[in-house]
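Written below as structure tokens is the structure these notes are about.
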Amino acid sequence: MILSPETIAFLMAAATMAGCIDAMAGGGGLITLPALMAVGIPPVQAVATNKLQSCFGTFGACVAYARRGHMDLKTYKAPIIAAFVGSVGGAWLLQRVDPSILAGLMPALLVAMAAYFTFSPKLGDADRHARVGMAGLTGLVGVVGFYDGFFGPGAGAFYTTILLALGGLSILRATAQTKAANFASNVAGLLTMVAGGHVIWIAGLCMAVGSLVGGQIGSHLAMRFGSRLIKPLLIIMSLALTAKMLLDPKNPIHIYLFN
């Protein structure tokens, strides 16, 4: 698939914004995945290419959080492994379902993500008592990993919510651990998609540059200011881009659903 320089620039800008938001609050895929489909990339290839660019952003954020001592890979090793394994399963299933099914699910899932950000509870600033043990956290993170491999947008927010509400972590520590789990599920999903030949490399690598830059900016902003102001932007972007997918007659989503 040949993309114009203007399209590449648009995708890089979307990836930079998404990388910044994702490092702070999760949900960057709510921007990049619709952006990929808005330029005419089919759903499966869009998910695969999104995994490529997201790997760079989450890796950069992981490094930033680890350098500041906010990441505990030893304690949360099992959930990270579960995210990887779950994502492999989700990406494997994605390549074996009818694309029209995925196309029909995407707008509904994007709207659900917007609703999640609208009604999600306030995030805590200090560690609390964990409501479930490590085994429970591992199972739940594995389920989110499966979702991340199959679809992806909002997975980071789900990881963070699990670690906040059930793991008892503060917003900063939960965000840091989320990046580790998100990186694992992104890598697993990407490897599975590469094996299936679905990645659009030029678009993915150009977006990776933006994602890496955005991830560094976002992680440093999160460590300094927090992420509460990012919610309205996520809601607006997800709903606006969902509307674009549904209304644009040239978009694969519109074609699958209405033709």
Side-chain angles (χ1 to χ4, degrees), residues 15-32 54-80 82-84 87 113 116-118 120-132 134 137-138 140-145 147-148 152-187 211-235 237-238:
T16 302
M17 181 185 297
C20 182
I21 291 173
D22 200 61
M24 288 191 283
L30 290 171
I31 296 173
T32 51
S54 185
C55 281
F56 285 82
T58 51
F59 176 74
C62 281
V63 172
Y65 283 118
R67 285 178 174 173
R68 297 289 292 273
H70 297 298
M71 192 174 292
D72 186 354
L73 297 178
K74 183 177 180 180
T75 301
Y76 293 93
K77 177 175 64 176
I80 293 171
F84 184 95
S87 183
M113 292 299 99
Y116 163 77
F117 283 110
T118 301
S120 61
K122 293 182 179 180
L123 305 178
D125 295 320
D127 285 359
R128 304 173 311 283
H129 179 70
R131 296 184 180 181
V132 301
M134 190 57 67
L137 282 179
T138 299
L140 290 170
V141 168
V143 171
V144 177
Y147 163 79
D148 195 17
F158 285 139
Y159 284 133
T160 302
T161 300
I162 289 171
L163 293 168
L164 278 168
L166 301 178
L169 297 181
S170 68
I171 175 60
L172 186 56
R173 291 190 64 213
T175 301
Q177 293 305 139
T178 288
K179 292 303 103 184
N182 221 166
F183 178 64
S185 57
N186 280 335
V187 169
S211 182
L212 186 58
V213 171
Q216 291 298 300
I217 295 171
S219 59
H220 285 89
L221 288 175
M223 286 184 277
R224 186 173 181 181
F225 299 112
S227 60
R228 288 174 294 178
L229 295 180
I230 241 34
K231 267 189 178 183
L233 179 60
L234 284 169
I235 296 166
M237 291 296 294
S238 60

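All of these numbers come straight from a predicted model, not from anything done at the bench.
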Provide the closest heavy-atom pair for [X] versus [Y] in the form atom of the first, atom of the second, distance.
X	Y	answer
Ser211	Ser54	OG-CA, 4.2 Å
Leu73	Ala180	CD2-CB, 3.8 Å
Thr32	Ala18	CG2-CB, 3.4 Å
Ser185	Ala83	CB-O, 3.6 Å
Lys179	Thr58	O-CB, 4.3 Å
His220	Ala64	CE1-CB, 4.2 Å

- Message: So does Ala23 get a backbone contact from the side chain of Tyr65, meaning a donor-acceptor N/O pair under 3.5 Å?
- Response: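 Yes, the answer is positive, given that a donor and an acceptor are paired below the 3.5 Å cut-off.
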- Examine distances only and state if a side-chain atom of Thr178 and a backbone atom of Ala174 form a donor-acceptor pair shorter than 3.5 Å.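 Yes; judged by distance alone, with no hydrogens or angles, the pair exists.
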- Message: Applying the side-chain contact (heavy atoms from CB on, under 4.5 Å) criterion to Gln177, which one of Ile162, Leu169, Val141 satisfies it?
- Response: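 Among Ile162, Leu169, Val141, the one that satisfies the side-chain contact (heavy atoms from CB on, under 4.5 Å) with Gln177 is Leu169.
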- Query: Any side-chain heavy-atom pair from Phe158 and Leu140 closer than 4.5 angstrom?
  - Reply: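 They are not in side-chain contact.
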- Query: Sequence neighbours excluded, which residues qualify as ring-ring contact (aromatic ring centres under 6.0 Å, His included) partners of Phe84?
  - Reply: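 Per chain and number, Phe84 pairs via ring-ring contact (aromatic ring centres under 6.0 Å, His included) with no residue.
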- Could you list the residues that satisfy ring-ring contact (aromatic ring centres under 6.0 Å, His included) with Phe56, not counting sequence neighbours?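 Phe56 satisfies ring-ring contact (aromatic ring centres under 6.0 Å, His included) with no residue once adjacent residues are dropped.
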- Residues in side chain to side chain donor-acceptor pair (under 3.5 Å) contact with Asn182, at least two apart in sequence or another chain: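 Side chain to side chain donor-acceptor pair (under 3.5 Å) check on Asn182 returns Asp148.
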- Roughly how far, to the nearest 0.5 Å, is the CD1 atom of Ile80 from the CE atom of Met71?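 It comes to 7.5 Å.
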- Query: Can you tell me how far the CG atom of Leu221 sits from the CD1 atom of Ile21, to the nearest 0.5 Å?
  - Reply: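 Going from the CG atom of Leu221 to the CD1 atom of Ile21 covers 11.0 Å.
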